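Structure first, then comments.
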Amino acid sequence: MDNFLIRGGRPLHGTVDISGSKNSSLPILAATLMADGPTTLHGVPRLSDIDSMLLLLKELGCRIERRSPPSLGDSGKIDFAGRPALNGPLEIEVVDATNLECHYDLVKTMRASVCALGPMLAKRGRVYFSIPGGCAIGDRPIDLHQRGLEKLGATFRREGGYIVGEVPGGPGGRLKGATLYLGGARGPTVLGTINVMCAATLADGVTRIVGAACEPEVADCARMLNRMGAKISGAGSPELVIHGVERLTGVSHTVIPDRIEAGTFMLAAAITGGELTLRNCNLDHLIAVLDVFEEAGLQVLRPDPRIDEVIVSCPDGIKPAEMTTQPYPGFPTDIQAQLMAALSLANGASVITERIFPDRFTHVGELNRMGARILKEGPTAVIRGVGANGLKAAPVMCSDLRASAALVLAALAATGETCLDRVYHIDRGYEKIEQKLIAVGAQIERLDEQSAKSREAA
Ligand code: EPU
């Protein structure tokens, strides 16, 4: 397991290219299971979660090719700013549709493999899906996915840790359009909406999904499906109407920029007192985030409204703020931990409430090890900013993807050398994070376990 050694206290300056969205790419990759013919995807980031999804697609009979990037530039060297164009397009085509099993070994490494449920049912008529186990960010049930698919006529039974799902008439049969509600106690479900939307594209008749998730990742997937021949309207709003079609064909699609990565790099500029230019950054997907960031003292400027490029700084230091996570268009849970790291340096007290995953607070103890003063009470954290006293380096442990990003931010701001253990969590969702940070002035070294131990002993 790799570690990061981060020497903090350096303001970051320069340009960062935001990658294609992980959370858009994952369900879009799963949706390619429904296409006849090859699908070409542009901008899919190189991440371990994407590798896990590709492995699953391979198991399910897909041919997958990552084509060469268009060019490496004049020097012929890889550009460490990590331009998305450096990732060649991915071509995916189903060549053998006989396997119906999403195996535990693959599902346990990545919960997003649940996105295969809807496409598999719609296209292959039956699926054996391993029930995902525990998760560091709290309980992650899939009851809403199942309920939505049941409304379309699917049946489910449990067998030895697996869910066996079937359409009426089994393989060769078809789901049937229906009106259904997908809102849960904690609001709508993102992947649940995408699963049911995918399944409904090939169903017989019209489906109306009420209480749908409005996240840009849902709309991105719908855009690709419509290009494939689906008839989806309302994506990005709480009500979707889907007229079922008989088949979908492969197309070419570019995934949207990663709004969570963009928010994280904005906070990296603020927490280090630097200034970053972010390219491939869609501010329309970040309106609630910018509202809170503004309260926290961040300045985000877009010099040319025709170009998705922004300049981020925090000219007067970080100010206290209040934030509650909400479904889109509210502030996303996936930036909660990173915001908390930044607010721990404010001059004054901030309050954060986590409404989507109320137990998503594994970063609190680790941030406190670095000198933060955060008190958690139920789903709420009170952050007493340490202001000029700053954070101090300490050995810390990554426990989930966004908690790890928060620790990287804290380490970039802290005095001294922070050792972050288990950075494989961050590799799941941030493409080339250390190269991108090094290119703008951070001091980060990736060490394998052995080197980290020798370094500690020396
Ligand atoms: N929920 C249920 N039943 C369900 C599904 C969800 O009760 O069947 C609850 C969840 O427990 C949670 C809420 O509904 O309280 C919302 O969960 P949602 O289903 O929307 O989460 P998801 O679709 O499984 C995606 C992202 C997460 C992100 C959430 C919320 C992907 C691959 N994952 O998960 O991303 O936090 O939406 O926006 O898109 C991350 O990238 O770090 C990450 C965890």
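All values reported here derive from a predicted model rather than from experimental measurement. Because only heavy atoms are used, hydrogens play no part in the values below, and waters and symmetry mates are left out as well, while side chains stay in. Count residues from 1 along the sequence. Ligands are counted one by one from 1 in listed order, and the atoms in each one are counted from 1 as well.
Side-chain N/O atoms of E309 and T277 include no donor and acceptor closer than 3.5 Å. Side-chain contact, T362 with S399: a donor N or O sits under 3.5 Å from an acceptor N or O.
Contact check for V382 versus I374: no side-chain heavy atoms found under the 4.5 Å cut-off. Looking at heavy atoms from C-beta onward, R186 lies in side-chain contact with P358 at the 4.5 angstrom threshold. Contact of the V408 side chain with the L437 side chain is registered, since non-hydrogen atoms from C-beta on lie closer than 4.5 Å.
Contact shell of ligand 1 (protein heavy atoms, cutoff 4.0 Å): K22, N23, L26, A112, I137, D139, R140, P141, I142, D143, L144, H145, R186, P188, T189, V190, L191, T333, D334, I356, F357, R360, L401, R402.
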message = Between L26 and E217, does the side-chain contact (heavy atoms from CB on, under 4.5 Å) criterion hold? Intermediate values first, please.
response = CA-CA 10 Å; L26 289 168; E217 293 76 17; over 6 Å; no
